[in-house]
Amino acid sequence: MLPVLYSEQAAWPRRALLALIIVAFVLGGQPAGAREPARLVLDIPAQRLDRSLRALAEALDAQTLFPFDALSALDGPALAGSYTPGEALAALLTGSGYTGRINADGVIVVQPVAAAARGEREKNMKDVTHEEHTGSDAARAGGFLLTALATFFSGGLLAQENGEDGARLLEEVIVTATRRQSGVQETALSISALSGEALDDNVYTNAAQFLDAVPGVTAFNTGPADNRVIIRNIATSTQETGAPTTAAYLNDFVISGVTSSAPPLRLVDIDRVEVLKGPQGTLFGRSAMGGIIRYIANMPDTTALTGGINGYLSQTEDGGDNAGGYGYINLPLGDTLALRAVGYSYQHDGYIDNVELGEDDINEEDTVGGRLALRWTPSEAFTADVLYLYQEIDAGNNWTTTIRTPASDPAGAITPADPASRRAIGAVVQESSSDYEILNLDLEYRFDSFTAKLLATRTEEEWGFVFDQREFVAITNGCVCDGVAQPSGGTIDTDLLELRLVSTGGGRLDWIAGAYYEDVQDEGYQNIVYLGSGDAVFGFLPVEDGALAIDSEAERPSSERAVYGELGWAFTDATRLTVGYRRSDVEFATTFTKTDGFFLEFDGTAAIRGIEFATQEDVDTYKVSLEHAFNEDLFGYVTAASGYRRGGFNQPTAIAPFSTYDSDTLWSYELGLKSTWLDGRLVANAALFFIDWDDIQLVVQDPVTFARTTQNAGAAEIPGFEFSVAAMLTQHLDISVAGSVTRPELQEDVPGGVSGKEGDTLPGAAEEQFTVSANYDRPLGGQFNLFGSLVYRYVGDRLNDFNTDLDVALGDYELMDLNVGVRSARGYSVSLFAHNLFDEAIPYTIDRQGPVFEQIPTNPPRTVGLNLTYDF
């Protein structure tokens, strides 16, 4: 029996203090302030306009606030001679369509000419309706926080945009979480946004590397192609089976599967990542009861040729060497057509040793992929985007296991599974592979009063695995080899079609209406052969070498058809009410087309070959939200929203009949406040929420037959609090603290067992977590900048499962990531980075096979490396 996996109880305060000491004394800083000489002698070459502005800021020792995406696509003139700051700024912006000023705090503020002239924040935001096309051009009047406040993942506050040279810049992140562009501080939901530049600086390429730094989010990787994400404790196990409670999107296209929450796409050339917490069913639909993760990719730009390359080398404790990198290029093909291409490759040595086979670092990873995007803008009203993505991952599993000595002796000495040992046994190297292909078409036409968007996507996924199943059937001799003689895995083909209409706004009434269609063709196959000198399955069923245990094929089609809409009414310029509704028709089926092998004869599966089992449901979801801007610095909202997870069925077995289970549903009630203080040098946000979850889908064990089936068997309440505070400590140093506290509690007994009783804590996610992050950026002179960041997170302990045998606590953990480097105005940067600085071994989940054997996936050990980047 595995002991309770608690880490050192006194460790986290010490390490948290260490994090703060590093922030204060390693990163350092100087008091804030900007200076403006009377006249400047400048020698700024003709170059990209954003770089020219930063060169001017460096000469002034000032901060800059401007829309990076827009100005990086424009050319700036050469300046040589003596200028006042105002003259220099005006000369740089002549003919650009932008105007600038140096405010009372000495900050260079640049805005579109039209935005500066209008001066009305609400009207300015409503005039912007094109979601991804305009990018950061959607600046609102006064729309940039007049600070250099920089955060890593600040609970929906801001994301940093570091200058490549000169002083830092920061703009309020513009998100499209509500299907319209808005600043995060004026969006009536709890949202976190991380910039692509922060991903690059921290050498984060996979969502599992950073999502647990988001308040209210638990994220972990249980295999090379399996990210699991839990938002606001909406989970009942770390091994969550069936439909997920969260969904992932690439731009506007869903990419998560009907049984997976976040495919491990490499996040390369990404504009930002948005995490939307709470039910998003009225706009995003499938599996959005917990929340949404959106990866927003950089798209082609017709105005300039740009590109870059990145590469890193690193070394992992208890492992080997790693190398990875990517390249991208943005190629204008005329005034109306542009192409953007991205390619990447990552080769990582593993850190798990198979002591039975005598092979080290068995979970090595080989990932290759790329993305092509084409944008056509024949007129100001019409935009067509085509995006193609391909990615292939081959890697060993990150599982530590119980150790038998010797491994093939059932009476041998037992060493419990221990993530810190990074050891495993198995008669084969256990590994997985996944291939993704995604083709998206996005057509948008902007009419005078509304915008129409037609979205179509085709996703093809092929996956496979090699696994030793011997412990599941109480065999230790030889190998119960899954996927060795013949492949085990499957293919999933998904077709999506969506039509969405969004009103332009400008009056009291605004609206969104849409129709959604999804068709999924899921085919799975499994082949298991026993290879050994003879043994007995479950101790009584004799099996000989070469015996076929399972050879199966199954078809699992599913579909969703939905209509949805939201209606907003502005009572005043400051107060707005939104109501939303979605109606979904959800269907799911399974048919076994092949059922050979002694195990399928034994469990009764062979008897149902060729029989289709199916379910169909109509599901309604709702939303009501009231928001109010008390003033320019204080925004509040209250929201009630519902969500659902698709229902399904239990196939009949030799000991259990066919049965169905319905969608489980929840209502989430949230009160949020977003505020700015001290002339923008302090931002503080908070949200209180209460979730009422009914008809929870739980795996229940029958007390007579011991059959395990999914049933609607419970209710839970999840009260919680999330907060984030970000402060500009000096001109060059910013720090943020964010966290969440929840108390998820079961309201009914789970039938059929002694665990899962009324009052028990829900398994799967931590009740407490917090993150401390810091960013530093300072000119060194000679057009060089010193930059660095630190991310520390603490995640509290959590229960593994409601199952009696697995009802154990997984210990709390701490992770710290650190990077420091130098960036040149010419586009070069070099940095040193460290991931998992404390070398923490995290037990993500416990999976028991047989009476005593367990496997525990864990995270990479301490990894230290060198990162090089060049952008032009």
Side-chain angles (χ1 to χ4, degrees), residues 194-213 219-229 248-251 253-257 260-275 293-299 307-314 316 322-329 340-350 363-373 387-396 398 431-440 459-463 817 819 833 835 859-860 863 865 867-869 871:
L194 175 66
S195 71
E197 187 168 1
L199 290 175
D200 290 342
D201 284 349
N202 288 279
V203 198
Y204 291 148
T205 62
N206 188 338
Q209 293 177 293
F210 60 82
L211 280 180
D212 61 356
F220 48 90
N221 185 292
T222 59
D226 186 15
N227 286 337
R228 295 185 183 175
V229 180
Y249 280 68
L250 175 63
N251 295 341
F253 302 91
V254 64
I255 56 173
S256 52
S260 63
S261 57
L265 297 183
R266 293 300 177 250
L267 303 180
V268 173
D269 193 33
I270 294 293
D271 177 71
R272 67 187 184 277
V273 177
E274 299 177 5
V275 181
I293 306 158
R294 301 184 68 210
Y295 309 134
I296 310 299
N298 288 317
M299 297 300 288
I309 57 174
N310 164 266
Y312 67 81
L313 297 172
S314 66
T316 299
N322 316 301
Y326 67 87
Y328 74 95
I329 188 166
R340 195 176 188 98
V342 181
Y344 52 90
S345 175
Y346 300 96
Q347 286 78 43
H348 292 179
D349 282 352
N363 62 318
E364 62 183 8
E365 174 197 343
D366 184 1
T367 297
V368 295
R371 196 171 69 237
L372 285 173
L387 185 149
Y388 172 77
L389 180 147
Y390 176 79
Q391 178 178 282
E392 177 181 335
I393 300 178
D394 295 290
N398 59 332
E431 57 191 3
S432 301
S433 64
S434 67
D435 294 351
Y436 286 94
E437 278 191 276
I438 303 174
L439 179 63
N440 295 335
T459 302
E460 297 181 0
E461 177 185 356
E462 183 174 356
W463 54 278
D817 299 334
N819 81 81
F833 67 92
H835 292 163
N859 62 310
T863 300
N867 187 49
L868 301 172
T869 300
D871 295 296

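All values below were derived from every heavy atom in this structure, side-chain atoms included, with hydrogens, water molecules and symmetry-related copies excluded.
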Enquirer: Donor-acceptor pair, R371 side chain versus D269 backbone, under 3.5 Å?
Expert: yes
Enquirer: Roughly how far, to the nearest 0.5 Å, is the CD1 atom of I438 from the CG atom of L389?
Expert: 5.0 Å
Enquirer: We want to know whether Y312 and N322 form a side-chain donor-acceptor pair, criterion being a heavy-atom distance below 3.5 angstrom.
Expert: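 No, because no side-chain N or O of Y312 sits under 3.5 Å from a partner of the opposite role on N322.
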Enquirer: Under 3.5 Å, is there a donor-acceptor pair between the side chain of N251 and the main chain of A297?
Expert: yes
Enquirer: Taking the side chain as C-beta and beyond, is there a heavy-atom pair between Y346 and V268 under 4.5 Å?
Expert: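 They are in contact (side-chain heavy atoms under 4.5 Å apart), so the answer is yes.
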Enquirer: To the nearest 0.5 Å, what is the distance between CG on N867 and CG on L313?
Expert: 9.5 Å
Enquirer: Do T459 and E461 have a side chain donor and acceptor closer than 3.5 Å?
Expert: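 Absent: no donor and acceptor within the cut-off.
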Enquirer: Less than 4.5 Å apart, side chain to side chain, heavy atoms only: is that true for F210 and N202?
Expert: no
Enquirer: Please examine the side chains of V273 and L267, heavy atoms only from C-beta on, and report whether any two atoms are closer than 4.5 Å.
Expert: yes
Enquirer: Go through it in stages, so that I can follow the logic: the residues are N398 and N363, the test is side chain to side chain donor-acceptor pair (under 3.5 Å), and I'd like the CA-CA distance, side-chain angles, deciding distance and then a yes or no.
Expert: CA-CA 6 Å; N398 59 332; N363 62 318; over 6 Å; no
Enquirer: Rounded to the nearest 0.5 Å, what separates atom CZ in R272 from atom CD1 in I296?
Expert: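 Atom-to-atom, R272:CZ and I296:CD1 are 5.0 Å apart.
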Enquirer: If we count only N and O atoms by modelled type, under 3.5 Å, do the side chains of Y204 and D817 hold a donor and an acceptor together?
Expert: yes
Enquirer: Kindly indicate whether the side chain of F220, heavy atoms from C-beta on, has any atom under 4.5 Å from the side chain of L211.
Expert: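 SC-SC contact between F220 and L211 ruled out.
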Enquirer: For F833 versus S314, what's the shortest heavy-atom pair and its separation?
Expert: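 Taking F833 first and S314 second, the nearest heavy atoms are CZ-CB, 3.9 Å.
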Enquirer: Do you know which two heavy atoms are closest between A395 and E365, and how far apart they sit?
Expert: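 Residues A395 and E365, closest heavy atoms: CB-CA, 3.8 Å.
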Enquirer: Does R266 reach the main-chain N or O of Q391 with its side chain, forming a donor-acceptor pair under 3.5 Å?
Expert: no
Enquirer: How many angstroms lie between CG in N859 and CD in Q209, if you round to the nearest 0.5 Å?
Expert: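 N859 CG to Q209 CD: 11.0 Å, rounded to 0.5 Å.
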Enquirer: Would you compute the distance between atom OH of Y436 and atom CD1 of I255 and round it to the nearest 0.5 angstrom?
Expert: 8.0 Å
Enquirer: For the backbone of G307 and the side chain of Y328, can you confirm whether one donor and one acceptor N or O come within less than 3.5 Å of each other?
Expert: yes
Enquirer: Looking only at heavy atoms, what is the nearest atom pair of A341 and L372, with distance?
Expert: CB-CD2, 3.4 Å
Enquirer: Please check: side-chain N/O of N206 versus main-chain N/O of L265, any donor-acceptor pairing under 3.5 Å?
Expert: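 Pair absent, no side-chain N/O of N206 close to backbone of L265.
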Enquirer: Knowing that exactly one of N310, D201, D200 qualifies, which makes a side chain to side chain contact (heavy atoms under 4.5 Å, CB included) with T869?
Expert: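 Testing each of N310, D201, D200 against T869, the sole residue satisfying side chain to side chain contact (heavy atoms under 4.5 Å, CB included) is N310.
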Enquirer: To check you understand the geometry: which heavy-atom pair defines the closest contact between D871 and G308, and what is its length?
Expert: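 D871 and G308 have their closest heavy atoms at OD1-CA, 3.8 Å.
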Enquirer: Give the C-alpha distance, both sets of side-chain angles, the deciding distance and a yes or no for side chain to side chain donor-acceptor pair (under 3.5 Å) between S345 and Q347.
Expert: CA-CA 7 Å; S345 175; Q347 286 78 43; 2.6 Å; yes
Enquirer: Rounded to the nearest 0.5 Å, what separates atom CZ in R340 from atom CG in N298?
Expert: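 One finds 4.5 Å between CZ of R340 and CG of N298.
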Enquirer: Could you go step by step and tell me if E197 and S195 meet the side chain to side chain donor-acceptor pair (under 3.5 Å) rule?
Expert: CA-CA 5 Å; E197 187 168 1; S195 71; 5.6 Å; no
Enquirer: Has the side chain of R294 got a donor or acceptor atom that lies under 3.5 Å from a matching backbone atom of L250?
Expert: no
